[in-house]
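Written out below as structure tokens is the structure these notes cover.
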Amino acid sequence: MLKLIASSRIHRLHPTVLRPAHDSASPLLRVLSSLGGLSHRNTNVGGRYFFCSDSGDGSDQVVDAGVKAAEESQSKASAIVPTYPRPEDYLTVLALPLIHRPLFPGFYMPIFVKDPKLLAALQESRERQAPYAGAFLLKDEPEADPSVVSGSDTDKNVYDLKGKDLFNRLHEVGTLAQISSIHGDQVILIGHRRLRITEMVSEDPLTVKVDHLKDKTYNKDDDIIKATSFEVISTLRDVLKTSSLWRDHVQTYTKHIGDFTYPRLADFGAAISGANKLQCQQVLEELDVYKRLKLTLELVKKEMEISKIQESIAKAIEEKISGEQRRYLLNEQLKAIKKELGLETDDKTALTGKFRERIEPKREKCPPHILQVIDEELAKLQLLEASSSEFSVTRNYLDWLTALPWGEYSDENFDVTRAQKILDEDHYGLTDVKERILEFIAVGKLRGTSQGKIICLSGPPGVGKTSIGRSIARALNRKFFRFSVGGLADVAEIKGHRRTYIGAMPGKMVQCLKNVGTANPLVLIDEIDKLGRGHAGDPASALLELLDPEQNANFLDHYLDVPIDLSKVLFVCTANVVEMIPNPLLDRMEVVAIAGYITDEKMHIARDYLEKTTREACGIKSEQVEVTDAALLSLIENYCREAGVRNLQKHIEKIYRKIALQLVRQGETIDATIRSAQSIEPLKDKVDSDELGVVTVQKENSESVEGSNTEKVGETCDEVDMVQTGLSSEQSQGLEVAKESEEDKEIEKVLVDKSNLTDFVGKPVFHADRIYDQTPIGVVMGLAWTSMGGSTLYIETTFVEEGEGKGALHLTGQLGDVMKESAQIAHTVARAILLEKEPENRFFANSKLHLHVPVGATPKDGPSAGCTMTTSLLSLAMKKPVKKDLAMTGEVTLTGKILPIGGVKEKTIAARRSEVKTIIFPSANRRDFDELAPNVKEGLDVHFVDDYMQIFNLAFGDEQSQDIK
């Protein structure tokens, strides 16, 4: 197809070519007149008319059109002059491959020649006044799809074809093309006549012998040819109405090729159609004029359909665009009318009114400096254009300023009894936390108003630090807001962004106040011990202003840039390890430690809170399941020893999920039994009704029973009896059971006991900490604090070898540096005590000892095992076991003094779990022990010591110490 851009390019390069050959009549009229014999020109159908272009050097390259035609054309246009030799005299031509479409006679086609040799040959032939070559369409590769447009990669592969490979890829029929001009590697060809390749002459550049093809003779007056050509013209006329590009093709063609004939009409229709190259090549190869017209008619009909689709698409888009424009114009007119009538204001006035309406109820309570900023920003908003970026920044800023609850506080609850009841409803235990909240309420009641506080709840995971924050808010009748700072590394999350940044937002505290709508909420800052630190600043330092009671009354957010009063806010922070909190931040908080829950507390929590909540979540009724106390106790001690109850909740949920599955399966079994019973009853009723006679059986089997003798009737009765007997013997019992099940339809109650607990939660995770009933020589039980709460710990010492001066101590058990130092101190203290008690005993001086702390895979560190190690070494040296059911903990110095330790509650709980009766604590920990609940201290013989000799007397002496228990 002749592209419009190619046509315009030729117009620009060769202006003399486009001079009209005759007056500007309509191309369609000229087509009709030429085909109908009405042309005023002397049209020579047998003559050959071609058009040419000016060459690059100014000489005219022309085409022979017959002597008479040439003489006439010279008088009309200088573009048509005779040349010698004639085009049909060229029997050997250079072969030019065409990639995309074939070249039709009478059409221009620019091609690119990448082969330097071929380009030089074309230039040479043009200079020798023989400017002709053969243009042949390239065949597709066998696996290629002809409907797919080839890309640049395929073109490169085609340019690489040479010689015989190129010859084999060319179609046999092509076009004799005149070389109009050469510009660089671009060659402009003009099609003249059809050619057929006969043989290859040379390979580089490819030269072939050709035969010149002529159209088969035809009758111009044949009605079928006329009708076909008129249909082609009619279709072209319809297409020309919708496509200006086609009109340009017609004008260009008729100016230079002359009037249309039937063959030219067929070539023209095929050339400008959008058909693929194989269909165009088929038209080019067809020498029968009638068949060629039929092929062209098919192609232009397809073009007509495409033009209709294009027109419908354009019309639909135009209607859509015009509809939107019309709607837009009407809306603008409506706005203008409403504005003139005072029914509607513009956007800026509406926004200003909205902000003023929002701040008006708070004006009396709002601080003066805030009102001043809001008024200034409102005035600024009126002066800004709505399309400017500053307008949106100011609008968002006013939105935040007016949305904050300036001076609005929720009514607090000063009823201590009601607050105590609410706290007990949600959490069991946590006495220290509840007491601190009740103190806060009491102070607020006496003062008549309450101030904000910063409380930090520290403890292991799962003890209820986060959940109790919501309960505290409910008890105080305050709004609740929670945000986590774990891993937070951007100061802007706390202090907000500067308004100059795109997408700037206030910090978390300003967002909190907007969300809750009051200026005195309870804010829970979770995981404050896990603050990050990155390139965007140090959030821990940014929290100093927020959590300082002396500074947060004038907290300055970077976005708002106005002071905010946070002195009424109650901050509750949570942390697992207090040591991870920076000291300046920790100094501003009141730390309340939550040590964890003992077994009795876990039993109450599981029974009163966790089990009830899980049962409701699983849709199970209380009468359908029973979990015994022994099962819960076993679950706590063997599966969930950690300080919190989160893991306990998971195990209880696991139990109830399995119970739910068991109940559903039982229900489906009962339903299946009922359905089978209902299907049995109709059959039994039928047999009962037929039991009295054989009438019904005879009716049902009339064809077989009719004419039979009485023996057959008797056999039928016997069969009925057999059916009745089979029903009564095999299915009557199941039918009765099904009826009973249908009447009450009760599902068996599921019992979870210690014996079947493993069926629900698997094998126990923990085993008893106690390894020995009576500790042997060299083995002493110690007490340790772990992340799971507390645990008993054995110190084992054994003799390796003896020799003069071989006294040494080898340590194992994955001990930390502090614990290794404690072992060395214990070895020195033990030697001093043994020297005092048994001066003649040279055990430590001559013995190599091995001290081990099981379990070896668990890392251990800390100084609290010093007295236990000393006792173990002395037990081995004196060959005397320590007292039964004795456990101890405490740091020992080189002089034998016992220093205080931590984790008294956890260690006491661990001792109770291991059924230890006697415990030794440092005297400095007496206060910690006295604060424990009575149920934790009950039944324990506790001794408080400040010197190791007291431990020596308790562990090895016959008489017990008289120390306070």
Q: Indicate yes or no: does Glu360 engage Arg363 in a salt bridge with an N to O separation below 4.0 Å.
A: yes
Q. Once you round to the nearest 0.5 Å, how far does CG of Leu378 lie from CZ of Arg356?
A. 4.5 Å
Q) With distance as the sole test, does Arg470 use its side chain to make a donor-acceptor pair with the main-chain N or O of Phe480 at under 3.5 Å? A) no
Q. Without hydrogens or angle criteria, can the side chains of Ser410 and Asn477 be said to hold a donor-acceptor pair below 3.5 Å?
A. no
Q.
Would you compute the distance between atom CD1 of Ile374 and atom NE2 of His369 and round it to the nearest 0.5 angstrom?
A. 10.0 Å
Q) Hey, does Ile564 have a side-chain heavy atom less than 4.5 Å from the side chain of Met509? A) no
Q: Please tell me if the side chains of Arg646 and Pro461 come closer than 4.5 Å, counting only heavy atoms from C-beta onward.
A: yes
Q. Are Pro521 and Arg478 close enough that some pair of their side-chain heavy atoms sits under 4.5 Å apart?
A. no
Q. Is a salt bridge present between Glu931 and Lys905, judged by a nitrogen-to-oxygen distance below 4.0 Å?
A. no
Q. Donor-acceptor pair, Lys508 side chain versus Val485 backbone, under 3.5 Å?
A. no
Q.
Minimum heavy-atom separation for Leu633 and Met603, please, with both atom names.
A. N-SD, 3.7 Å
Q: Return the set of residues passing salt bridge (charged side-chain N to carboxylate O under 4.0 Å, His left out) with Arg395 (not counting sequence neighbours), or none when no residue passes.
A: none
Q. Could you walk me through whether Leu401 and Val373 pass the side chain to side chain contact (heavy atoms under 4.5 Å, CB included) check?
A. CA-CA 9 Å; Leu401 274 178; Val373 172; 3.8 Å; yes
Q) Hey, what do you get for CG (Leu430) to CD1 (Ile437), rounding to the nearest 0.5 Å? A) 11.0 Å
(Q) For residues 562-585, which residue pairs pass the side chain to side chain donor-acceptor pair (under 3.5 Å) check, not counting sequence neighbours? (A) Asp526-Thr574, Lys530-Asn576, Asp565-Ser567
Q.
Please determine whether side chain to side chain contact (heavy atoms under 4.5 Å, CB included) holds for the pair Asn396 and Tyr559, giving the CA-CA distance in whole Å, both sets of side-chain angles, and the decisive distance to 0.1 Å.
A. CA-CA 10 Å; Asn396 293 335; Tyr559 183 86; 3.6 Å; yes
Q: Answer yes or no: are there more than 12 heavy-atom neighbours, outside Lys453 itself, under 6.0 Å from its atom NZ?
A: no
(Q) Keeping Asn552 on the side-chain end and Leu546 on the backbone end, is there a donor-acceptor pair under 3.5 Å? (A) yes
Q. Is atom NZ of Lys479 surrounded by more than 12 heavy atoms (other residues, nucleotides or ligands) closer than 6.0 Å?
A. no
Q) In terms of ring plane angle, is the pair His651 and Tyr639 parallel, tilted or perpendicular, where the classes change at 30° and 60°? A) tilted
(Q) Taking Val463's backbone N and O only, do any of them form a donor-acceptor pair with Tyr597's side chain (distance below 3.5 Å, no angle check)? (A) yes
Q: Take atom CD of Glu364 as the centre, draw a 6.0 Å sphere, and report whether it contains more than 12 heavy atoms from other residues, nucleotides or ligands.
A: no
**Q.** Arg474 and Asp426 ion-paired at < 4.0 Å
**A.** yes
(Q) If you count every heavy atom of other residues, nucleotides or ligands that lies below 6.0 Å from Lys362 atom NZ, does the total exceed 12? (A) yes
Q: Determine yes or no for a side-chain-to-main-chain donor-acceptor pair under 3.5 angstrom, with Asp529 supplying the side chain and Met580 the backbone.
A: no
Q) Around Lys421, counting heavy atoms of other residues, nucleotides and ligands shown, do more than 12 lie under 6.0 Å from its NZ? A) no
**Q.** Asn554 side chain vs Pro563 backbone, donor-acceptor pair below 3.5 Å
**A.** no
Q: Using modelled atom types only, decide if a donor and an acceptor are shared between the side chain of Arg588 and the backbone of Pro584 within a distance under 3.5 Å.
A: yes
Q. Do the ring planes of Phe929 and Phe921 sit parallel (below 30°), tilted (30 to 60°) or perpendicular (above 60°)?
A. tilted
Q) With a 4.5 Å heavy-atom cut-off, do Leu381 and Phe391 have their side chains touching? A) yes
Q) Rounded to the nearest 0.5 Å, how far apart are CD1 of Ile422 and CD1 of Ile472? A) 12.0 Å
**Q.** Gap separating the CD1 atom of Ile594 from the CG atom of Asp432, nearest 0.5 angstrom
**A.** 8.5 Å
Q | Shortest non-hydrogen contact from Val393 toward Arg499 | A | CG1-O, 4.1 Å
Q. Is any side-chain heavy atom of Glu493 less than 4.5 Å from a side-chain heavy atom of Pro539?
A. no
Q. Would Leu476 and Ile441 satisfy side chain to side chain contact (heavy atoms under 4.5 Å, CB included), going step by step from the backbone distance to the final call?
A. CA-CA 8 Å; Leu476 295 174; Ile441 294 175; 3.1 Å; yes
Q. Quick one: do Asp399 and Arg358 make a salt bridge, cutoff under 4.0 Å?
A. yes
Q.
When you compare the side chain of Pro367 with that of Val562, does any pair of heavy atoms fall below 4.5 Å?
A. no
(Q) side chain to side chain contact (heavy atoms under 4.5 Å, CB included) for Ile494 and Leu488? Distances and angles first, verdict last. (A) CA-CA 9 Å; Ile494 307 297; Leu488 187 69; 3.7 Å; yes
Which donor-acceptor pairs under 3.5 Å do side chains of residues 607-614 form with protein atoms, sequence neighbours excluded?
residue: Arg607; atom: NH1; partner: Glu611; partner atom: OE1; Å: 3.0
residue: Arg607; atom: NH1; partner: Val627; partner atom: O; Å: 2.8
residue: Arg607; atom: NH2; partner: Val627; partner atom: O; Å: 2.9
residue: Arg607; atom: NH2; partner: Asp629; partner atom: OD1; Å: 2.5
residue: Tyr609; atom: OH; partner: Asp424; partner atom: O; Å: 2.6
residue: Glu611; atom: OE2; partner: Tyr656; partner atom: OH; Å: 2.7
residue: Thr613; atom: OG1; partner: Tyr609; partner atom: O; Å: 2.8
residue: Thr614; atom: OG1; partner: Leu610; partner atom: O; Å: 2.7

Q) Between Arg657 and Cys618, what is the shortest heavy-atom contact and its length? A) N-SG, 4.5 Å
Q. Roughly how far, to the nearest 0.5 Å, is the CD1 atom of Ile528 from the CG atom of Leu585?
A. 4.5 Å
**Q.** Enclosure of Asp817 CG (heavy-atom neighbours >12, cutoff 6.0 Å)
**A.** no
Q: Compare every heavy atom of Met819 with every heavy atom of Ala865, then report the nearest pair and how far apart it is.
A: CB-CE, 3.8 Å
Q. Does any non-hydrogen side-chain atom of Trp406 lie less than 4.5 Å from one of Ile359?
A. yes
Q) Under the 3.5 angstrom rule, does the side chain of Tyr397 hit a backbone N or O of Leu560 as a donor-acceptor pair? A) yes
**Q.** Closest approach of Thr394 to Lys380 (non-hydrogen atoms, all atoms of both residues)
**A.** OG1-CE, 3.9 Å
Q. If only atom types and distance count, is the side chain of Lys937 paired as donor or acceptor with the main-chain N or O of Asp930 below 3.5 Å?
A. yes
**Q.** Lys NZ or Arg CZ of Lys495 over Phe555 ring: under 6.0 Å, within 45°
**A.** yes
Q: Could you pull out the closest heavy-atom pair between Leu404 and Val510, with the gap in Å?
A: CD2-O, 3.6 Å
(Q) Would you say Thr352 and Gln382 are linked by a side-chain donor-acceptor pair, where the criterion is simply a distance under 3.5 Å? (A) yes
(Q) Looking at Lys465 and Cys573, would you say the former's side chain and the latter's main chain have a donor-acceptor pair under 3.5 Å? (A) no
Q. Have Thr889 and Lys907 got a donor and an acceptor in their side chains that come within less than 3.5 Å?
A. yes
Q | Close side-chain approach of Leu635 to Ile655, heavy-atom, < 4.5 Å | A | yes
